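The basis for the numbers below is simple: all heavy atoms, side chains too, and nothing from hydrogens, waters or symmetry mates. Not measured: the values here are computed from a predicted model. Chain naming here is simple, since letters A, B, ... match the order of the sequence lines and numbering starts at 1 in each.
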4 protein chains.
Amino acid sequence: MTDATVPGVVSPGSGASSVAEPAAADAAPVGRVQRKRDRRIRQILTAAAELVGERGYEAVSLEEVAERLDVTKGSLYHYFSGKDALVTAAIETLGDDWTARLEGLPAGREGTAERRLRALLGEHVRIAVREYPAALRLFLVPSTWPADQRTRIKELRRRHDAVFRAVLNEGVAGGEFSVVSVDATLQCLHASMSQAPEWVGGLRRAEQERVLDDLVETLMKLVAR
Amino acid sequence: MTDATVPGVVSPGSGASSVAEPAAADAAPVGRVQRKRDRRIRQILTAAAELVGERGYEAVSLEEVAERLDVTKGSLYHYFSGKDALVTAAIETLGDDWTARLEGLPAGREGTAERRLRALLGEHVRIAVREYPAALRLFLVPSTWPADQRTRIKELRRRHDAVFRAVLNEGVAGGEFSVVSVDATLQCLHASMSQAPEWVGGLRRAEQERVLDDLVETLMKLVAR
Amino acid sequence: MTDATVPGVVSPGSGASSVAEPAAADAAPVGRVQRKRDRRIRQILTAAAELVGERGYEAVSLEEVAERLDVTKGSLYHYFSGKDALVTAAIETLGDDWTARLEGLPAGREGTAERRLRALLGEHVRIAVREYPAALRLFLVPSTWPADQRTRIKELRRRHDAVFRAVLNEGVAGGEFSVVSVDATLQCLHASMSQAPEWVGGLRRAEQERVLDDLVETLMKLVAR
Amino acid sequence: MTDATVPGVVSPGSGASSVAEPAAADAAPVGRVQRKRDRRIRQILTAAAELVGERGYEAVSLEEVAERLDVTKGSLYHYFSGKDALVTAAIETLGDDWTARLEGLPAGREGTAERRLRALLGEHVRIAVREYPAALRLFLVPSTWPADQRTRIKELRRRHDAVFRAVLNEGVAGGEFSVVSVDATLQCLHASMSQAPEWVGGLRRAEQERVLDDLVETLMKLVAR
DNA sequence: TATGAATGAGTATTCATTCAT
DNA sequence: AATGAATGAATACTCATTCAT
């Protein structure tokens, strides 16, 4: 994802716009100014994503986001058209980062489908528990949100699921896995892992590891022949 | 659950102390007045539970709850000490009702463990999808809540899980099921079913049914030998 | 003060009235019922006076008064037309009791005017400190109160002051005392004593006694020749 | 007191940290912006102090304060963290102004201790009567306030009393005055003067003057040899 | 008499958003 | 680009008062 495609970003000099920029903008040379702007946006999104990941959408205030960045609330409006836009973009960033980490996992690319799936599940669940304890909430976007943004979130999840779906499909094709339905299996995998932070939150580290291992093994049954 | 055990309920001017109570009152352990009060509390909890089930905790305002009951906000404070207390009680009510329905399910009590589990999963997921679309949120109690209430919710979940745990244990004991860990399996079942409304929300009824059947079958794999 | 003259008391059978009863009511035999009513009123006033004495007017809620009496808020409206009426009456009761105690003091009636004044001051200040820590507030009746009630409070203070005024006048007449103005002297005495709870509130008992003795001696200078 | 020391004031987006500050800013220790902010805070405090002085703490609502300043309630929260903070700061301001006026009084600095004390008492009592009719309430800070703020108020009174204490001490040292205890004398002076508005509130101006003179003369007896 | 349910106007507080500088 | 002041609508909560039973 390049910053230029971040949704809800206010385009400089053209007033507020909650719609993504036309790619035509690329025609203009991307100068220092633009790069600086992109960097700033990146900072904001990171801060917002962390907060939303920790506390959930409704509990995060722009004040907090601004404070974490050591700027004022008003500044955020130079880059985003409003809270929804900012948070949506942040969720997207968080999801993209997460997806990228899974994709970048060496163990996720070699060996049998089973080994790869196990590695992906382990990494995913550990990211969830340690870094995004409220990640589940990200996908519970208030039903009052504009359809536009809900669509965006669903799209994000699709991308996120793709990495699991690929392994699943390969496993099935290669005869390693057997599933009732790839979609249903994906949903179960995702749901189970997302809620993990809830159960293991109060446990000691050693116990956490054991429980998470059990979780991964249990989930592997979903694809067993 | 009897209403008398609803948490956070404000007790009426009772406090029998400096003035002598007529002993006759003991004859009728619960008077008309008390029954009426209980009924009202029930109404409030039902309304609140519906709203929380639909929109989640943070998004529900007391104003809305009051409006749905056609009373004023202030009235709610006659019965509950505050929003947290009301919502906690509502969640508890909702959870208890849900649990009771599962327990009351005939198909959940007879036949092989496998048949019973399948029946329970089917019913649970259909309740989730049709009646409590935001039920998942119920278990995402904000970490800022008082410990007291968080404990209560966890206790509630334990009761709720018990019905599944019983079948699971029997199935394992009888050699019908095989699981990595009963706890992990329960968590996966619960999480997967709770999030179901999210995926199937936009589908047509017929499609919904098919997807939910797939889901149940997929989950049955978690206990396969 | 007989209860029949308590202001703001709702007359039975005649609807609410914030005006004192005409003495003609005495024509009717004062039956058991009336006596019971009077006793109840007395209880309410005592409870209210204590609370107002402790916390001040604005901080006391009818709920608290009712709770201390183990009745419901609504019940209070059988006896008083509203909060102001109740509190005014309570202040009056408190003031009357206080005055009565000073008047009943043996040391206040015999010996030289100086000995008597010293005894009165000592007792007064000790009542203030130990029993009515917020008594001062009683005389800071919100200026928004109806004139009727403000008058009543002033009248009460006049009665209360009378006991000191009498000794003062005698002392002056007998040549024992010398004052710039009896009124001003009274005001100073009253004000100084009323605020005593504020300074000595945090002190240990022994220290309190020493400080209060200093206070009394200091005040005696106001009448020195 | 400089505004920078006003308690409870919310600091603006400062928090200089992740972003480098231009060192040049140090040249102007207090910029235009800061001065403007200080002026605004001053305005708010003055309005609040007046209201508190007139009506007392509990009776003042933020709405009233805001209205007097022709801003909205919410704006006050830009400068103060809440009602307590605002009111405490207002009391402090009021007390400081009062103290400063007494200290600035020429007649309070020259002549015999007796002349100076008489001048101070006269001025003090006239400020109380004319400008802060509810000033007494300021020192009756509700016992429910946070300890932090109660301490602050006590400290304020100490500063306020200091101006009288100094004259008292000098008079005693120089043999002009004779007191039982400096502390007790101060308390009596303060209490008597603070309550003055209550007695003289309803009088005509000419009468007021006479009564206040009597009051001052009466209080002078407290230090008579 | 007494109760307890209900009200409605009020209170402090929060927060996304706007805008002049 | 960034600030910080200001807004206004919303939110939880309180309390004196009324009233049917």
Side-chain angles (χ1 to χ4, degrees), chain A residues 10 12-13 16 33 36-37 40 58 60-66 70-84 86-87, chain B residues 10-14 19 31-34 36-37 40 58 60-66 69-84 86, chain C residues 12-13 16 33 36-37 40 58 60-66 70-84 86-87, chain D residues 10-14 19 32-34 36-37 40 58 60-66 69-84 86:
Chain A
V10 171
V33 176
K36 190 171 175 189
R37 180 181 168 84
R40 202 87 182 97
E58 324 228 29
V60 171
S61 76
L62 292 188
E63 187 66 54
E64 283 172 301
V65 177
D70 258 313
V71 297
T72 60
K73 247 187 318 185
S75 288
L76 301 179
Y77 283 85
H78 276 282
Y79 301 99
F80 297 93
S81 55
K83 186 186 180 183
D84 284 2
L86 167 54
V87 172
Chain B
V10 170
S11 54
S14 61
V19 179
R32 262 155 248 105
V33 176
Q34 180 62 27
K36 192 168 177 186
R37 181 180 171 86
R40 200 87 180 95
E58 323 225 31
V60 171
S61 77
L62 293 188
E63 185 66 52
E64 283 173 302
V65 177
L69 290 162
D70 241 326
V71 296
T72 60
K73 246 184 322 183
S75 287
L76 301 179
Y77 285 88
H78 265 281
Y79 299 98
F80 297 93
S81 55
K83 184 186 180 183
D84 283 2
L86 169 55
Chain C
V33 176
K36 191 169 174 190
R37 180 182 168 84
R40 202 88 182 95
E58 323 227 30
V60 171
S61 76
L62 291 189
E63 187 66 54
E64 282 173 302
V65 177
D70 257 315
V71 295
T72 59
K73 247 188 318 186
S75 289
L76 301 178
Y77 284 84
H78 278 282
Y79 300 99
F80 297 93
S81 56
K83 185 185 181 184
D84 285 2
L86 168 56
V87 172
Chain D
V10 170
S11 54
S14 61
V19 179
R32 263 156 248 105
V33 176
Q34 181 62 28
K36 192 167 178 187
R37 180 180 171 86
R40 199 86 180 96
E58 324 225 29
V60 171
S61 76
L62 292 188
E63 184 65 54
E64 282 174 302
V65 177
L69 289 162
D70 242 326
V71 295
T72 60
K73 249 183 321 182
S75 287
L76 302 178
Y77 284 87
H78 266 282
Y79 299 99
F80 297 94
S81 54
K83 185 185 180 183
D84 283 2
L86 168 54

Exercise for the section: Enter the distance from B:R32:CZ to B:K36:NZ here, rounded to the nearest 0.5 Å. Expected result: 11.5 Å
Completion exercise
Taken to the nearest whole Å, CG/D:L69 to P/F:dA5 is 14 Å
Fill in the blank from the handout: 5'-most contact on DNA chain E (nearest-nucleotide basis), B:V33 vs B:L76, goes to B:V33
Practice task
Look at the side chain of C:E64 and the backbone N and O of C:S61, then say whether any donor-acceptor pair between them is shorter than 3.5 Å.
Solution key: yes
Handout entry: Side-chain touch A:V60/A:V87, heavy atoms, less than 4.5 angstrom
Key = no
Practice task
Would you kindly give the CZ-to-P distance between B:F80 and F:dT14, to the nearest whole Å?
Solution key: 15 Å
Problem - Straight-line distance of A:D70 CG to A:S75 OG, nearest 0.5 Å - result: 11.0 Å
Exercise for the section: Quick one: the dot-bracket string of DNA chain E, using Watson-Crick and G-U wobble pairs with both distances under 3.5 Å, [ ] for crossing pairs and | for bases paired to another strand. Expected result: .||||||||||||||||||||
Exercise for the section: Using a cut-off of strictly less than 4.0 Å, decide whether C:R40 has a side-chain nitrogen or oxygen near OP1 or OP2 of E:dA2. Expected result: yes
Problem - Partners meeting salt bridge (charged side-chain N to carboxylate O under 4.0 Å, His left out) with B:K73 (sequence neighbours left out) - result: B:E63
Practice task
Please report the shortest heavy-atom distance between B:L76 and B:L62, naming the atom on each side.
Solution key: CD1-O, 3.7 Å
Fill in the blank from the handout: Protein heavy-atom contacts under 4.0 Å, written 5' to 3' over nucleotides 11-21 of chain E as B (base), S (sugar-phosphate only) or - (none), form the string SBBB-BBB---
Exercise for the section: Examine F:dA1: is either OP1 or OP2 under 4.0 Å from a nitrogen or oxygen in the side chain of A:R37? Give yes or no. Expected result: yes
Problem - NE2-OG1 distance between D:H78 and D:T72, expressed to the nearest 0.5 angstrom - result: 8.5 Å
